[in-house]
Amino acid sequence: MHYNLIPDDINWEAYRRETEAAAHVRPAAAFLASLIESIGQPAKKKPVAYLPWFKTHKLIQLRGGEVSLWAGVNGHGKSMVLGEVITSLLVQSWKSAIASFEMKPEASLNRMVQQFAGLDTDPEDVPKELVEVTRDVYEQFQALCDDRLWFYDQQGTVDVDRIVSVTRYCFKELGIKHMVIDSLMKCVKNDDDYNGQKVLVDELCALARDYDAHVHLVHHMRKGDKETSEPDKSDVKGAGSIVDQVDNLFIVWRNKQKEFDAERGKLIQPDTADTLLLCRKQRNGTGWEGAIKLFFDRVSKQYTATPGAFLDMAAWPHTEITRG
């Protein structure tokens, strides 16, 4: 599949240096002109982005100028949930970029196409009679991604200066409005480098504000004494200031107890969630905090609001379709 790659031969230092004060010093006339223009005019509402699930639209919005921390224990699906969120943002016409230091672009895209189609579209497992249909799905997704989705292709560790430079380049040169960084711990040398973590998050918050864009930062959580225990913001790894700095905190928690009970043949209530999306901080907007029940559709790798359904990701707002 063709996809947009951010070139690596860019003078990244030029984008790192643009943090100087001169870039923020502007004449008063520039601000006054804007104020004069607004006299007698109703306040313009800034466009906001939404999560894929309709039941969240009045509770949570993704606003420009903010940073969201997506946290979770390893294996609980935080990157998969965020992939579905970004797929939805593309359908909502938001330009996005992904810098994943743990997954190659091809792996991310294969999963996003599967979520987009609501079908198992893994190219290696497609039977001959479905090759043309599958190719058509990939081409539809390719058309959706054209000039809307970009990747920074580097796996392993990356230093703070580089990810700050890449983020500024995406915002300034590509017009990106949603930037995914997966994950924080790949950008800081050591788990106990609290100052490095604070510096990175502070830089990302400043970039989001300067360019009226949204940063989605993936981060790990400490595994509790019991994996079946619901986590909270105090379980986020690293410096406590991380949660203080960001605007939103989303925790992805996989319901392991439900899986254990299913394996043992225990009766499970149909509305018992497979995963909870815990909103543990929302500084602006509605300020709502709480839990969103999600159900995992294994065919599409989607998370849905209703068990036994999948989302029509090709149209906005997404409707749910019950599997026959």
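Side chains included, hydrogens not; waters and symmetry mates left out as well; all remaining heavy atoms used.
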- Query: With sequence neighbours left out, what residues match F101 under ring-ring contact (aromatic ring centres under 6.0 Å, His included)?
  - Reply: none
- Task: Walk me through it: do Q114 and S300 pass the test side-chain hydrogen bond (donor to acceptor under 3.5 Å, both in side chains)?
- Result: CA-CA 5 Å; Q114 196 165 333; S300 64; over 6 Å; no
Atom of [X], atom of [Y] and distance for their closest heavy-atom approach:
X: V73; Y: M221; value: N-CB, 4.1 Å
X: Q302; Y: Q115; value: NE2-O, 2.6 Å
X: V137; Y: A117; value: CG1-CB, 3.5 Å

- Query: Given E203, which of R168, R16, K198 fulfils the salt bridge (Lys or Arg N to Asp or Glu O under 4.0 Å) condition?
  - Reply: R16
From [X] [atom1] over to [Y] [atom2], what is the distance, rounded to the nearest 0.5 angstrom?
X: C145; Y: Y138; atom1: SG; atom2: OH; result: 11.5 Å
X: L184; Y: I163; atom1: CG; atom2: CD1; result: 10.5 Å
X: D232; Y: I251; atom1: CG; atom2: CD1; result: 6.0 Å

- Item | Candidate pair D244 and S241, rule side-chain hydrogen bond (donor to acceptor under 3.5 Å, both in side chains), full reasoning | CA-CA 5 Å; D244 296 335; S241 62; over 6 Å; no
- By side-chain contact (heavy atoms from CB on, under 4.5 Å), R148 pairs with (sequence neighbours left out) L90, S93, L144
- Task: Give me the one residue out of K78, E102, H219 that meets side chain to side chain donor-acceptor pair (under 3.5 Å) with S183.
- Result: E102
- Task: Tell me, with the steps shown, if D161 and Y15 meet side-chain hydrogen bond (donor to acceptor under 3.5 Å, both in side chains).
- Result: CA-CA 9 Å; D161 285 356; Y15 291 94; over 6 Å; no
- Item | S108 side chain reached by F151 side chain, heavy atoms, under 4.5 Å | yes
- Quick one: does D182's side chain get under 4.5 Å of L82's, heavy atoms only? no
- Residue pairs passing the ring-ring contact (aromatic ring centres under 6.0 Å, His included) test with at least one member in residues 35-69, sequence neighbours excluded, are Y50-H57, F54-H57, H57-W316
- Query: side chain to side chain contact (heavy atoms under 4.5 Å, CB included) between I6 and L174: does it pass, once the steps are laid out?
  - Reply: CA-CA 9 Å; I6 297 167; L174 301 178; 4.2 Å; yes
Which side-chain N or O atoms in residues 62-71 pair as donor and acceptor under 3.5 Å with protein atoms at least two apart or in another chain?
unit_1 : atom_1 : unit_2 : atom_2 : d
R63    : NE     : E66    : OE1    : 3.4
R63    : NE     : E66    : OE2    : 2.8
R63    : NH1    : Q61    : O      : 3.4
R63    : NH2    : E66    : OE1    : 3.4
R63    : NH2    : N284   : O      : 3.4
E66    : OE1    : N248   : ND2    : 3.1
E66    : OE2    : N284   : ND2    : 2.8
S68    : OG     : H214   : NE2    : 2.7
S68    : OG     : N248   : ND2    : 3.0
W70    : NE1    : H216   : ND1    : 3.1

- Query: What pairs meet the side-chain hydrogen bond (donor to acceptor under 3.5 Å, both in side chains) rule with one or both residues in residues 27-42, with sequence neighbours excluded?
  - Reply: none
- According to the interplanar angle, ranging from 0 to 90°, do the rings of F171 and Y211 count as parallel (below 30°), tilted (30 to 60°) or perpendicular (above 60°)? tilted
- Does the side chain to side chain contact (heavy atoms under 4.5 Å, CB included) test come out yes or no for T167 and I181, once each step is laid out? CA-CA 9 Å; T167 302; I181 300 170; 3.8 Å; yes
- Co-members of L35 in a cluster of I, L, V, M, F, W and Y side chains, linked at under 4.5 Å: L32
- Message: Could you check whether D147 pairs with K95 (Lys NZ or Arg NE/NH1/NH2 to Asp/Glu carboxylate O, under 4.0 Å)?
- Response: yes
- Applying side chain to side chain contact (heavy atoms under 4.5 Å, CB included), run through L277 and L51 and close with a yes or a no. CA-CA 11 Å; L277 178 62; L51 297 177; 4.1 Å; yes
